[in-house]
Amino acid sequence: MEYETVIGLEVHSQLSTASKIFCGCPTTFGAAPNENTCPVCLGLPGALPVLNREVVERAIMLGLATGSSIAPRSRFARKNYFYPDLPKGYQISQYELPICEKGKLEIVVDGTPKTIGITRIHMEEDAGKLIHGENLGQPDSSYVDLNRACVPLLEIVSEPDLRSSEEAKLYLQKLKTILEYLGVSDCNMEEGSLRCDANVSLRPVGQKEFGTRAEIKNMNSFRYLQKAIEYEVERQKAILDDGGKVIQETRLFNPDKGITASMRGKEEAHDYRYFPDPDLVPLEVDEAWVERVRATLPELPDAKRDRFVAHYGLSVYDATVLSASRDVADYFETVAGAVKNPKGAANWVMGDVLRIVNDRKIAVADCPVTPAMLAEMIGLIEDNTISGKIAKTVMEEMEANGGSPKDIVAKKGLVQITDTSAIEKAVDEIVAANPGQVEQYKGGNEKLLGWFVGQVMRATKGKANPAMLNDILKERLDRA
Ligand code: ADP
Ligand code: MG
Ligand code: ZN
């Protein structure tokens, strides 16, 4: 039987606000255990939550960026359950009145745009963290660190519109890009600032109703997300082909084994006994507030991509790569604005600059080759001082030791040879030394032209002007 995969993602994004969502404690990662706590986030009796305005603004930002409607009135609810990392015995979340609903986001699947619906975006507090003693040589102990308790989260719930692990990855990547553009979260996946649950089901191709889903909890890498979905699809397929039924449950992905395993039966909303939190008044967001937030939105990734195509004449692919991060886009635009040919700038940024920052795992802003250095180097290519090949050498030197491209070119004697007689002399020598190849070329093997170019380039240490060399060489060989 052929099946169609159906996936909906629930993404948790930790906000990079200075303080927590309902108290004034800092949100800094890596503090000593329980250092960032107070009576509110410790859940002490009688302590009352106060909503952080900045969290609301960031939720509105993401809502606007995803075309969601912003609720004029929303409400916080208590989601009740017991766990040692949840001292109050309930999590403050939003339930029947979330702040944002009915949004969407565009992904590009094999070159074709596809719109994925966003059901809702709501604000909630994170729970604390349990540290189990096994890893500390204390198998009988567990510790609770409540630094993360009450740290603000946005939960973004997608419609079941995704049809493959690839689409799920593209969706999460796009969402991450938008969150980063907005600056609402640092999206550090290793630290858990962006994590996601995947709901996966199969249905026979052509069937309208969805199949029963399993929910895979808490993945914090694109690779794990894809692997977990792929494993889950195979697991469900085997069950269905056997005539069995998939049970609705919560599963965990084990990255070491590459499999998902059952964690618990699926809980239903009513199990949580949701009810409006009486400690917090309903939240009213008026039109003026929404407009104030709208005015602070930066240019978003899709708009930037389209502008790069229209304004710089880039391909959609290149424009997508360059707009995937705001820092890379800014870097590119600084260079493009300072040179004659923006496409050349795009190639250097996508090639060498991204390679350098990826190899070194550094931020674009920390790239040893600054936009000014790259622009100056491209200028040297454009005014024929150096060839593209020599530029690679200059790039390596800038990466290793810094310095201005002009100085590097002068110091290392890399200026291109544009003196006709010097190139002619080099060509003559190579032609004279290789009579066999000349004969083959004359006999119709025109591919040998490239070989001759290579020889002369080697003899001139790559400094011959390529266009001039080509002309002179052709003319010389025709004459031979
Ligand atoms: P819950 O909070 O119980 O997990 P929701 O109804 O809010 O439940 O759904 C959570 C996610 O599951 C959403 O992203 C939704 O798109 C997705 N989903 C719902 N039904 C299915 C299904 N049959 N197959 C795959 N995903 C589904
Ligand atoms: Mg869920
Ligand atoms: Zn606190």
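As the structure is a computational prediction, the values presented were derived from the model and not from experiment. Order of appearance sets the numbers: ligands from 1, and atoms from 1 within every ligand. Just the heavy atoms: all of them, side chains too, but no hydrogens, waters or symmetry mates, feed the values below.
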- Near Ser158, which atoms of ligand 1 are under 4.0 Å from a heavy atom of that residue? 13 (C), 14 (O), 15 (C), 16 (O)

- Please confirm whether Phe76 and Phe22 have ring centers closer than 6.0 angstrom. yes

- Note on the structure: The atoms of ligand 1 lying under 4.0 Å from a heavy atom of Val6, numbered in the order shown, are 24 (N), 25 (C)

- Task: State plainly whether the residues Glu106 and Arg305 are in salt-bridge range, i.e. N to O under 4.0 Å.
- Result: yes

- Message: Please determine whether Cys150 has a backbone or side-chain N, O or S atom lying under 2.8 Å from the Zn ion (ligand 3).
- Response: no

- Message: Need the ligand 1 atom indices (1-based, order shown) with element for anything under 4.0 Å from a heavy-atom of Glu215.
- Response: 4 (O)

- Can you name the closest pair of heavy atoms from Ala59 and Met123 and give their distance? CB-CG, 3.9 Å

- Query: Going by the angle between their ring planes, with limits at 30° and 60°, are Tyr312 and Phe332 parallel, tilted or perpendicular?
  - Reply: perpendicular

- Task: Find all atoms of ligand 1 within a distance of less than 4.0 Å from any non-hydrogen atom belonging to Glu159, and give their numbers and elements.
- Result: 16 (O)

- Under a 4.0 Å N-O cut-off, is there an ion pair linking Asp366 with Arg360? no

- Query: Can you find an N/O atom of Pro160 closer than 3.5 Å to an N/O atom of ligand 1?
  - Reply: yes

- Message: Test your reading of the model: is there a side-chain donor-acceptor pair from Asp186 to the backbone of Ser193, 3.5 Å cut-off?
- Response: no

- Task: Would you check whether Gly211 has a nitrogen or oxygen atom less than 3.5 angstrom from a nitrogen or oxygen atom of ligand 1?
- Result: yes

- Task: Show which atoms of ligand 1 fall inside a sub-4.0 Å distance from at least one heavy-atom site of Val157.
- Result: 13 (C), 14 (O)

- Message: Suppose I only count heavy atoms of Phe210 and a 4.0 Å limit; which atoms of ligand 1 are within that range?
- Response: 23 (N)

